[in-house]
Amino acid sequence: MLCPPLTMTQETVMSEPLTEQEIVRRQKLERLRQKGIDPYPTRAHRTHTAAEAIVAFEQGELAEEQSVTLTGRLMAIRIMGKASFAHIEDGSGRIQFYIRRDIVGDKTYEFFRRDLDLGDFIEVTGPVFRTRTGEITVNVHQIRLLAKALRPLPDKWHGLKDVETRYRHRYVDLMVNPEVRQIFIRRAQIVRALRRFLDERGFLEVETPILQPIYGGAAARPFITHHNQLNQDLFLRISFELYLKRLLVGGYEKVYEIGRDFRNEGISFKHNPEFTQLEFYWAYADYEQVMHLTEEMISYVAQEVLGTTKLIYQGDEIDLTPPWHRITLREAIKERTGIDYVQYPTAETLAAVMREHGFQPQAKATWGKLVDHLLGNAVEPYLIQPTFILDYPRDISPLAKKKPDDPTHVERFEFFIGGMEMGNAFTELNDPLDQEQRFLEMRRLYAPEDEEAHPMDEDYLLAQRYGMPPNGGFGMGIDRLTMLLTDQSSIREVILFPHLRSKG
RNA sequence: GGGCCCAUAGCUCAAUUGGCAGAGCAGCGGCCUUUUAAGCCGCGGGUUGCAGGUUCGAUUCCUGCUGGGCUCACCA
């Protein structure tokens, strides 16, 4: 038989016609059913993972001819007539098995040869031995199908490279690219280490609303949704800040949250519309103490996850060992551009001198945005080693407390590693009347129809009037930290299902 | 949103100046009882992202569209 007729009459929800290989696999499925074999049996059995079987054999824990039963996905097949080698892969790794016709019999051997495909999940049982070339191998006595795969696997050597397919069908990426699987294991380790670090220091993990009637705590455009029964528009949160600080009013002294923020903005190598944030708030601390905790926390995580505080990011050697470099924003900008922004206290004069220096700021940018432009364009890309940039202009930091000796600046820092902003922190503003003025100021800065204009959170002001302890707050992008610790240049490589435009 | 680049078989990639769309892997048939990117022989598989245009002839040149990548802008 050269090629079976390429027709399939079964109804399908997929719009694409079946490929030849898919038709062949469905025919095998039918053949199995006719033989009375369930291609999707309800239960599987295993005595060892692949890794456990290998260790058990190496340590002599398996008696002569003692059978093990392993499960996994069929990843490679080498048929040599009346005997064959193949590899299965489970969550612990790969292991080879050997199957001989004279051991399993004609019927089983033909089942293996004709009915199984790469990608199928199977169960194999038999004693473990070492081949002539030294590989620990299961000598199969019984083999069973656990789940038939109806789509062919990508190239066994080159894997799946097409970036769009990797993101849209991440499960395929994960099944054939082990280094991708490793990234998300490491991501979980990072989050676990952060939790452990904060838990050990008495921080309480809390959960605050994702659906919020008023958004705030950051400068970003929100996603809007709607509650039908309440007939109420709601916003997906852009930060946790205002809710977490309410908890300090309530009496908790150390709180943190790890969760998702949503920002309705541009997508780039370091921006995804939804991303994971860590924020903590610490009563009676200031931004100096938060800085200490930050460098301690990040180096702890690196030590826990990588076993070292030195790493390579995109070709640069980075040393996370504290203490980190500290420089004021004003000095950093002066160092890189020669511009001392305090000499140009209005948007007009600052924009003018920036243009003289070759910058092209937005025409209607506020003074604070101009300073931020200088930071982002002239300073940030050079901050490869971990660096705290301190003391931001007051008018771009409406939730931060003024410096006692300089009311034009606030006690705020951002920290940068590998040329990326990793986090933002400040001595939190806890003066309810000052806070109210800041909110009113922000409202004046933006026209009401401006999408960046922020609604006034009156309940937050009310909370502060009950008394909020002085405190230091902190926010950090976990996706970016994961990029750093896995040496990835795109945030999409550290998010399992990154946002992509719909097709068609 | 602007600029640049990319899209060819299930996967990874070729295709000369515009001249018959190919290879490896995967698949199918055959040989092969310690292989490991197994090997050998044979066979099938394409709306070249989509829609137009130029041309005797378009994977190739042009326009538009869709999706992706990089980059700039945007992102208190």
Side-chain angles (χ1 to χ4, degrees), chain A residues 1-4 6 16-25 27-28 75-87 94 96-103 109 114 117-119 129-135 137 139 150-168 172 176 216-221 238-239 263-271 273 360-362 365-373 375-377 392-400 410 412 414 421 424 426 438 441-442 445-446 451-454 489-490 492 498 500-504:
Chain A
M1 181 179 69
L2 285 179
C3 188
L6 300 184
E16 295 289 311
L18 295 177
T19 64
E20 183 188 342
Q21 295 197 47
E22 288 176 300
I23 290 167
V24 167
R25 286 181 181 227
Q27 287 167 340
K28 291 179 180 181
M75 295 300 284
I77 301 175
R78 293 175 295 280
I79 294 175
M80 296 171 309
K82 298 177 188 64
S84 300
F85 288 93
H87 276 91
R94 284 192 184 201
Q96 178 170 262
F97 69 82
Y98 180 52
I99 180 166
R100 297 170 54 127
R101 195 172 74 170
D102 60 5
I103 290 178
Y109 194 72
R114 306 290 172 196
D117 287 299
L118 295 178
F129 73 108
R130 199 184 283 273
T131 63
R132 197 160 60 191
T133 52
E135 181 159 352
T137 302
N139 186 11
L150 297 179
R151 297 264 294 177
L153 241 38
D155 190 285
K156 67 178 172 186
W157 188 245
H158 300 96
L160 178 65
K161 289 191 170 165
D162 182 81
V163 174
E164 186 175 353
T165 310
R166 287 185 46 234
Y167 295 161
R168 285 193 196 278
V172 185
V176 295
R221 289 150 66 184
I238 58 172
S239 85
R263 296 188 182 176
N264 205 339
E265 288 168 352
I267 295 173
S268 80
F269 74 93
K270 53 181 174 178
H271 296 91
Q360 294 169 336
Q362 288 286 102
T366 62
W367 186 80
K369 282 198 173 185
L370 292 172
V371 172
D372 200 50
H373 182 94
L375 170 62
N377 290 63
Y392 283 63
R394 174 181 171 282
D395 65 315
I396 52 173
S397 315
L399 297 164
V410 294
R412 172 181 173 187
E414 292 184 306
E421 181 198 336
N424 184 20
F426 25 90
R438 303 279 197 99
E441 228 172 88
M442 295 310 290
L445 236 46
Y446 296 100
E451 284 181 298
E452 287 174 33
H454 276 210
S489 61
S490 168
R492 289 184 289 277
L500 296 184
R501 201 183 293 268
S502 302
K503 266 192 144 170

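A note on names: the letters A, B, ... follow the listed sequences, proteins ahead of strands, and every chain is numbered from 1. On a predicted model such as this, the values are computed, not experimentally measured, just so you know.
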For a quick check, tell me whether the side chain of [X] and the base of [N] share a donor-acceptor pair closer than 3.5 Å.
X        : N     : value
A:Asp155 : B:G24 : yes
A:His158 : B:C11 : no
A:Arg132 : B:U34 : no
A:Asp102 : B:U33 : yes

Rounded to whole angstrom units, what separation is found between the [atom1] atom of [X] and the [atom2] atom of [N]?
X        : N     : atom1 : atom2 : result
A:Gln96  : B:U34 : CD    : C1'   : 8 Å
A:Ile79  : B:G30 : CD1   : C1'   : 12 Å
A:Glu164 : B:C70 : CD    : P     : 12 Å
A:Arg492 : B:G69 : CZ    : P     : 4 Å
A:Ile267 : B:C75 : CD1   : P     : 16 Å
A:Arg94  : B:A37 : CZ    : P     : 11 Å
A:Ile103 : B:U33 : CD1   : C1'   : 10 Å
A:Arg78  : B:G39 : CZ    : C1'   : 12 Å

Using the side-chain heavy atoms of [X], tell me which of these nucleotides is nearest: [options].
X        : options             : answer
A:Leu160 : B:C11, B:C70, B:A76 : B:C11
A:Leu500 : B:U12, B:G10, B:G69 : B:G69
A:Arg501 : B:G67, B:G45, B:C75 : B:G67
A:Met80  : B:G69, B:U35, B:G44 : B:U35
A:Lys161 : B:U35, B:G44, B:C13 : B:C13
A:Lys156 : B:G68, B:A76, B:C25 : B:C25
A:Arg100 : B:U33, B:U71, B:C11 : B:U33
A:Gln21  : B:G27, B:C25, B:C70 : B:G27
A:Gln362 : B:G10, B:U71, B:C74 : B:C74
A:Lys82  : B:C70, B:C32, B:U12 : B:C32

Which is true for [X] with a 4.0 Å heavy-atom rule: it touches a base, it touches only sugar-phosphate, or it touches nothing?
X        : result
A:Phe129 : base
A:Arg394 : nothing
A:Tyr392 : nothing
A:Ser397 : nothing

When the [atom1] atoms of [N] and [M] are considered, how many whole Å apart are they?
N     : M     : atom1 : answer
B:C41 : B:A23 : P     : 14 Å
B:C56 : B:G49 : P     : 24 Å
B:G52 : B:A58 : P     : 14 Å
B:C13 : B:U59 : C1'   : 14 Å
B:G39 : B:U35 : P     : 13 Å
B:U8  : B:G45 : C1'   : 14 Å
B:G64 : B:C4  : P     : 11 Å

Check your understanding: Can you check whether A:Arg114 has a side-chain N or O nearer than 4.0 Å to OP1 or OP2 of B:G30?
Key ->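 Checking A:Arg114 against B:G30: at least one side-chain N or O falls below 4.0 Å of OP1 or OP2.
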Point to revise | Distance (rounded to the nearest 0.5 Å) between A:Arg94 CZ and A:His87 NE2 | key: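 Between A:Arg94 CZ and A:His87 NE2, I get 7.0 Å after rounding to 0.5 Å.
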